Peer 1: 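Shown below is the structure under consideration.
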Amino acid sequence: MKSKMPSTKGLLERLDNGEKVVVAEGYLFNFEKRCYLQAGHFVPTVVLDHPELVTQLHKEFVRAGSDVVQAFTYYAHREKLQLIDKTADLETINRNALRIARDVARETGTLFAGNICNTNIYNLSEADNKDKVKQIFKEQIEWAVDEGVDFIIAETFVKFEEAAIALESIKEYGKGVPAVVTMAATGLATVEGHPTTVDKVEIAEAMKRLEAAGADVVGLNCFNGPETALGVMSHIKKSGVKAPLACLPVPYRTTTKEPTFLQLTDPITGEKVFSANLDCVMCSRDDIFKFGRRCDEIGIDYLGLCCGNSPHYTRTLCESIGRRPPASEYSPDMDLHGFFGTDERVTKNVTKDVQDALK
């Protein structure tokens, strides 16, 4: 892979200069599809078992146009590793993931991001719960800073208070690195038609509070596909949030009736498809291209794709905003296709009866 020149511009400098930052996420689902990670607990043990594959996927995402190499530490936290009796590997899995990402980022001149996420144990009714959650964030943040991250992503929070604790933790233990905080809107509860967090904070209000608390970038990730995410993002933009906005939906065809990929049903059987049967509701590349164009129109400068993402989607997203990453060398060009090509070198050989039969 051809290396980029080392970059000297950080995340905030790029955004302040009006540049867009494309972020490829989606490692969990990608490795589950490749049979190196188990759906259910979704713990990224592939970092320990096959680090070379993690390196390869990082490089493929960069080649497809990602400006950021995000360490694969999503769900590599204490609560998740307890489920599979691997808490002894907690620091190792985090540091391995961070070093793999750092090496690729430094080689390619991209930004290196740490990652923390929903803990699944947040419950304010328990007296010491906040301390437990904060400790989970603290250790991952300190390892990330120690390994030299350029910024930290805190993501996929359904409760505002947990997102606020994550931001507070980055501010306290992150030694000044920028914080990107994104929430997952369920769409199950609304105020005047707009989603609320599970703890009943209207989504734009949640963004304003995170901005006021010092988040450098705020927005949505996961749960919603492009169609439903963009409606919420447009509302957030119009609400007056001043911080740069992030939008990283899942590449699935969610609708107003089924606003998240957790609710999607098979169009033929009517059965719920999460997570093993999501293939039947995946976005097309045209869907992703349209998503990128809409981000441009709304004014979203930090954009990407979450669970279900693959390099071809990231490439399409980059092309939608006028970029041509190295992987664009192999973008589709049907002119030379044996049946549908329009180049005269093809058309002179393909008989009309074959073309008509395949229309």
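Fair warning: this is a prediction, and the values are worked out from it, not measured in the lab. Residues take their numbers from the sequence shown, with the count starting at 1.
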Peer 1: Side-chain donor-acceptor pair under 3.5 Å between H235 and E202, yes or no?
Peer 2: yes

Peer 1: Does one side chain, of N224 or T260, offer a donor that lies under 3.5 Å from an acceptor on the other?
Peer 2: no

Peer 1: Can you see which heavy atom on N30 is nearest to which on S310, and at what distance?
Peer 2: ND2-OG, 3.5 Å

Peer 1: Please report the closest heavy-atom contact between L220 and A185, naming both atoms and the distance.
Peer 2: CD2-CB, 4.3 Å

Peer 1: Go through C280 and V273 one step at a time and tell me if the side-chain contact (heavy atoms from CB on, under 4.5 Å) criterion holds.
Peer 2: CA-CA 8 Å; C280 66; V273 294; 3.8 Å; yes

Peer 1: Salt bridge check: are K59 and E107 linked by an N-O gap of less than 4.0 Å?
Peer 2: yes

Peer 1: Salt bridge (Lys or Arg N to Asp or Glu O under 4.0 Å) between K175 and D146: does it pass, once the steps are laid out?
Peer 2: CA-CA 10 Å; K175 296 187 177 180; D146 190 49; over 6 Å; no

Peer 1: Examine the side chains of Y74 and N118 and answer whether a donor and an acceptor come within less than 3.5 Å of each other.
Peer 2: yes

Peer 1: Hey, does L245 have a side-chain heavy atom less than 4.5 Å from the side chain of D301?
Peer 2: no

Peer 1: A243 and V218: which non-hydrogen atoms are nearest, and at how many Å?
Peer 2: CB-CG2, 4.4 Å

Peer 1: Heavy atoms only: give me the nearest A144-G114 pair and the separation to one decimal.
Peer 2: CB-CA, 4.4 Å

Peer 1: Under a 4.0 Å threshold between the charged nitrogen and the carboxylate oxygen, would K134 count as salt-bridged to E172?
Peer 2: yes

Peer 1: Is the shortest side-chain N to carboxylate O distance from R293 to E297 below 4.0 Å?
Peer 2: no

Peer 1: Strictly by modelled atom types, are E52 and Q56 linked by a side-chain donor-acceptor pair under 3.5 Å?
Peer 2: no

Peer 1: Hydrophobic cluster membership, with links at side-chain heavy-atom distances under 4.5 Å among I/L/V/M/F/W/Y: are F291 and F289 in one?
Peer 2: no

Peer 1: Any chance you could lay out the side-chain contact (heavy atoms from CB on, under 4.5 Å) test for D266 and N277, step after step, and finish with the verdict?
Peer 2: CA-CA 8 Å; D266 188 309; N277 291 313; 5.7 Å; no

Peer 1: Under 6.0 Å from the ring centre and within 45 degrees of the ring axis: does the NZ or CZ of K159 meet both conditions for the six-membered ring of Y122?
Peer 2: no

Peer 1: Hey, mind stepping through T196 and I203 against side-chain contact (heavy atoms from CB on, under 4.5 Å) and telling me if it holds?
Peer 2: CA-CA 5 Å; T196 70; I203 196 69; over 6 Å; no

Peer 1: Assess whether a salt bridge exists between D296 and K20, defined as any Lys/Arg side-chain N lying under 4.0 Å from an Asp/Glu carboxylate O.
Peer 2: yes

Peer 1: Would you check if there is a donor-acceptor pair between the side chains of T314 and N309 at a distance under 3.5 Å?
Peer 2: yes

Peer 1: Taking C-beta and beyond as the side chain, do P251 and P249 meet within less than 4.5 Å on heavy atoms?
Peer 2: no

Peer 1: Is any NZ, NE, NH1 or NH2 atom of the basic residue among D287 and K290 found under 4.0 Å from an Asp or Glu carboxylate oxygen of the other?
Peer 2: no

Peer 1: Find the distance between CZ (R253) and CG (L278) and round it off to the nearest 0.5 Å.
Peer 2: 13.5 Å

Peer 1: Just so I know, are the side chains of R14 and L111 near enough to count as touching, which here means a heavy-atom distance under 4.5 Å?
Peer 2: yes

Peer 1: In chain order, what residues pass the side-chain contact (heavy atoms from CB on, under 4.5 Å) check against E147, with sequence neighbours excluded?
Peer 2: R95, L98, R99, R102

Peer 1: Would you mind reporting whether N221 and V250 have side-chain heavy atoms less than 4.5 Å apart?
Peer 2: no

Peer 1: Output all residues satisfying side-chain contact (heavy atoms from CB on, under 4.5 Å) with R285, sequence neighbours left out; order by chain, then residue number.
Peer 2: H312, R315, T316, P332

Peer 1: Taking ring pair (Phe, Tyr, Trp, His ring centres under 6.0 Å) as the cut-off, I'd like each qualifying pair that reaches into residues 40-64, sequence neighbours left out, listed once.
Peer 2: Y27-H58, Y27-F61, F29-F42, Y36-H50

Peer 1: If we ignore angles and hydrogens, is there a donor and acceptor under 3.5 Å between the side chains of E271 and T265?
Peer 2: no

Peer 1: If you round to the nearest 0.5 Å, how far is OG of S239 from NE2 of H194?
Peer 2: 9.0 Å

Peer 1: Looking at every heavy atom in both A113 and V68, which two are closest together, and how far apart are they?
Peer 2: CB-CG1, 3.7 Å

Peer 1: Can you check side-chain contact (heavy atoms from CB on, under 4.5 Å) on F157 and L167, steps first, answer last?
Peer 2: CA-CA 11 Å; F157 300 105; L167 175 58; over 6 Å; no

Peer 1: Heavy-atom distance under 4.5 Å between the side chains of C117 and T73, does that happen here?
Peer 2: no

Peer 1: Any non-hydrogen side-chain atom of E162 less than 4.5 Å from a side-chain atom of V133?
Peer 2: yes

Peer 1: Taking 4.0 angstrom as the limit, do K9 and E19 come out as a salt bridge?
Peer 2: yes

Peer 1: Could you tell me if the side chain of T254 sits less than 4.5 Å from the side chain of F223, heavy atoms only?
Peer 2: no

Peer 1: Charged N to carboxylate O below 4.0 Å: is that the case for E168 and K130?
Peer 2: yes

Peer 1: Just checking, is any N or O donor in the side chain of T197 or D199 under 3.5 Å from an acceptor N or O on the other one?
Peer 2: yes

Peer 1: Do the side chain of T255 and the main chain of E258 share a donor and acceptor less than 3.5 angstrom apart?
Peer 2: yes

Peer 1: What distance do K138 atom NZ and S169 atom OG have between them, rounded to the nearest 0.5 Å?
Peer 2: 10.0 Å

Peer 1: Checking R209 against F160: charged group under 6.0 Å from the ring centre and within 45 degrees of the axis?
Peer 2: yes

Peer 1: Could you state the interatomic distance from CG (L264) to CZ (F274), rounded to the nearest 0.5 Å?
Peer 2: 10.5 Å

Peer 1: Between the main-chain N or O of L230 and the side-chain N or O of S234, is there a donor-acceptor pair closer than 3.5 Å?
Peer 2: no

Peer 1: For D216, enumerate each residue passing the salt bridge (charged side-chain N to carboxylate O under 4.0 Å, His left out) test, keeping only those at least two apart in sequence or located in another chain.
Peer 2: none

Peer 1: Rounded to the nearest 0.5 Å, how far apart are OG of S66 and CG of L305?
Peer 2: 10.0 Å

Peer 1: For T256, check side-chain contact (heavy atoms from CB on, under 4.5 Å) against everything at least two apart and list the hits.
Peer 2: none

Peer 1: Can a salt bridge be assigned to the pair E139 and R78 using a cut-off of 4.0 Å between side-chain N and carboxylate O?
Peer 2: yes

Peer 1: Do the side chains of V149 and I152 get nearer than 4.5 Å, heavy atoms only?
Peer 2: yes

Peer 1: Do NZ/NE/NH1/NH2 and the carboxylate oxygens of D343 and K348 come within less than 4.0 Å?
Peer 2: no

Peer 1: Let me confirm one number: the SG-CG distance from C222 to L28, rounded to the nearest 0.5 Å.
Peer 2: 9.0 Å

Peer 1: Test L48 against every option in V54, N96, V43 by the side chain to side chain contact (heavy atoms under 4.5 Å, CB included) rule and name the one that passes.
Peer 2: N96

Peer 1: With sequence neighbours excluded, tell me which residues meet salt bridge (charged side-chain N to carboxylate O under 4.0 Å, His left out) with K80.
Peer 2: none

Peer 1: Minimum heavy-atom separation for A71 to F112, with atom names?
Peer 2: CB-CE1, 4.4 Å

